[in-house]
There are 2 protein chains.
Amino acid sequence: MTYAFEFKDAREAAFALPELDEGLDPMARMGVRIAYAKDEEIYGQDEDADLIYRVVRGSVRTTRLLSDGRRQIGAFYREGDLFGFESAVHHRFSAEAMQDSVVLVVKRSALKTAGGDLDRMIWTATSRELERTQEHLLLLGRKNACEKVASFLLGLAEGVPSDTVSLPMGRLDMADYLGLTIETVSRMLSQLQASHVVCFSATRQFKVINRAALSRMAQ
Amino acid sequence: MTYAFEFKDAREAAFALPELDEGLDPMARMGVRIAYAKDEEIYGQDEDADLIYRVVRGSVRTTRLLSDGRRQIGAFYREGDLFGFESAVHHRFSAEAMQDSVVLVVKRSALKTAGGDLDRMIWTATSRELERTQEHLLLLGRKNACEKVASFLLGLAEGVPSDTVSLPMGRLDMADYLGLTIETVSRMLSQLQASHVVCFSATRQFKVINRAALSRMAQ
DNA sequence: CGCTTTATTGAGGGCGGTCAAAGAGCGTGG
DNA sequence: CCACGCTCTTTGACCGCCCTCAATAAAGCG
């Protein structure tokens, strides 16, 4: 633990250059940039939740483990996303970098006192987080494997201008997000491809061939 | 829709008497009490989310339907609980009274401008809602039927002084909360009773016989 | 007490999990 | 450049958990 902290100072210096436009972003001035290696923990389950994070580069997942190793992924975060405010007191999930990533870290209290704009930003982010979690709840509780995978691909393809979408995660992360196994995810992907709904050009890159059908399959 | 609104004024009058201590509760003074019959809708999916609700008497569930009738319950609320702030703009779930209930309804904007205390109340309630939803996520995604039911019973028994716990909902509501069918819920309840972990004195009333075992089975 | 709704129990089937093996991707080093 | 080893992905065979369908039992209610 202290080991990680000693490193953080050293890593800050390596990222003095702004990764996002600092002039337009008051949050960037108040925080510290920290680099994390692939699969490195950003914060742990049951840690205090007095910091707020923002993905500057790379991507992040939040995970929760059961004692026997079963894992549930809560959410994925991409560049620009805020995360870490899933709880007011202690984190229920831990956060890990999915690739070598850079994260902006800000004290929650600093944002609270900085003014209405940032306070409002936290509020809307928390609110959106709750919305997304409830959508996720419906997916886990009442959708079958095919609908789960279709929903997931549709979510990734949403708001992407290019017709080619790249997956920032492997099959295991997809499975643990969808409440499935990697084998089932793989089978459903093959099935979607066989029915010409999507087309995989590589294991982590696909195109949506028939968006209407994909949307229908996602319920 | 207008039908419901016409009724609301009439129903207000019937509940002029305070159900909760009004002197200690500034929220109660700003809102309106409305009575709902069993299974009546309090708000609908996709409605504007500019109101905040509090259960004065009875109990409330939030639900979401898929087009083919599959249903997911998001949460149950008991007397004193706040609900309706799962989203900042539009409700993703609808809310229904589980029994004949009385609900205090307050404009979100009224609470926001009323001062720090109430603002803080909304914040902590939203935050707790997010925590609970994430716990629910883990349950739906990675627990088996037995663990789901054990978790559910444990949650109900938590913070209840009496050793006898009463269920405010039927088997269908339990099933739709846990992502199971009523038959599976019933089987798991029978199984938990057969292994002397809990004991049902009636269909909606049980005692925890072995809390350690129940906790273990809930993961 | 009869009627309707809700809960329990049983039999059988299907979806997704488990186990296993083969294939693909990828960095390392010869 | 290919060979090699490692990880990740895909595919197949089989199994088990939970769902479906059905019948019975219990509970709620006028």
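Residue numbers start from 1 in every chain, and the chains themselves are labelled A, B, ... in the order their sequence lines are given, proteins ahead of strands. Here the structure is a predicted model, which is why all the values come from computation and not from measurement.
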Worksheet item: Strictly by modelled atom types, are B:Lys207 and B:Ser201 linked by a side-chain donor-acceptor pair under 3.5 Å?
Response: no
Worksheet entry | Which nucleotide in C:dT8, D:dC19, D:dT9 has an atom nearest any side-chain atom of A:Thr203 | D:dT9
Discussion item. What's the closest nucleotide to the side chain of B:Ser186 if the choices are D:dT9, D:dC19, C:dT9?
Written reply: C:dT9
Practice prompt. Kindly indicate whether the side chain of B:Arg171 and the base of C:dT5 share any N or O donor-acceptor pair separated by less than 3.5 Å?
Written response: no
Worksheet item: Taking atom P of D:dT10 as reference, at what distance in whole Å does atom CG of A:Leu192 sit?
Response: 12 Å
Discussion item. On the side chain of A:Arg204, is there an atom forming a donor-acceptor pair with the base of C:dG25 - under 3.5 Å, no angle test?
Written reply: no
Worksheet entry | Reference residue B:Arg61; test salt bridge (Lys or Arg N to Asp or Glu O under 4.0 Å); the match among B:Glu40, B:Glu41, B:Glu96 | B:Glu96
Item to complete: Return the value, rounded to whole Å, for the distance between atom CD1 of B:Ile182 and atom P of C:dT5.
Response: 14 Å
Discussion item. Whether A:Asp48 and A:Arg108 form a salt bridge (side-chain N of Lys/Arg under 4.0 Å from carboxylate O of Asp/Glu) is what I want to check.
Written reply: no
Practice prompt. Let me know the distance between CG of B:Leu189 and C1' of C:dT6, rounded to the nearest Å.
Written response: 14 Å
Fill in: Nearest listed nucleotide, side chain of A:Thr181, among D:dT9, D:dC18, C:dG17
C:dG17
Practice prompt. In sequence, state the C-alpha distance, the side-chain angles, and the governing distance for A:Glu79 and A:Ser59, and then conclude on side chain to side chain donor-acceptor pair (under 3.5 Å).
Written response: CA-CA 6 Å; A:Glu79 290 189 7; A:Ser59 52; over 6 Å; no
Worksheet item: Between the base of C:dC19 and the side chain of A:Glu183, is there any donor-acceptor pair under 3.5 Å?
Response: yes
Worksheet item: With a 4.0 Å cut-off on heavy atoms, is A:Leu180 in touch with a base, just the backbone sugar-phosphate, or nothing at all?
Response: sugar-phosphate
Practice prompt. Write down the distance between CG (B:Leu167) and C1' (C:dT6), rounded to a whole number of angstrom.
Written response: 14 Å
Discussion item. Side chains of A:Ser67 and B:Gln219 only: does a donor on one sit below 3.5 Å from an acceptor on the other?
Written reply: yes
Worksheet entry | Whole-Å gap separating C1' (C:dG16) and NZ (A:Lys148) | 9 Å
Worksheet item: How sharply is the helix from C:dC1-D:dG30 to C:dG30-D:dC1 bent, taking the axes over five pairs at either end and rounding to 10 degrees?
Response: 40°
Worksheet item: Roughly, in whole Å, what's the span from CZ in A:Arg187 to P in C:dA20?
Response: 15 Å
Worksheet item: Counting only heavy atoms not in A:Arg128, do more than 12 fall under 6.0 Å of its CZ?
Response: no
Worksheet entry | Identified ring-ring contact (aromatic ring centres under 6.0 Å, His included) counterpart of A:Tyr53 within the set A:Tyr43, A:Tyr77, A:Phe85 | A:Tyr43
Worksheet item: CG of B:Asp176 versus C1' of C:dT6: gap in Å, rounded?
Response: 14 Å
Discussion item. Using whole Å, what does the distance between atom P of nucleotide C:dC15 and atom CZ of A:Arg142 come to?
Written reply: 16 Å
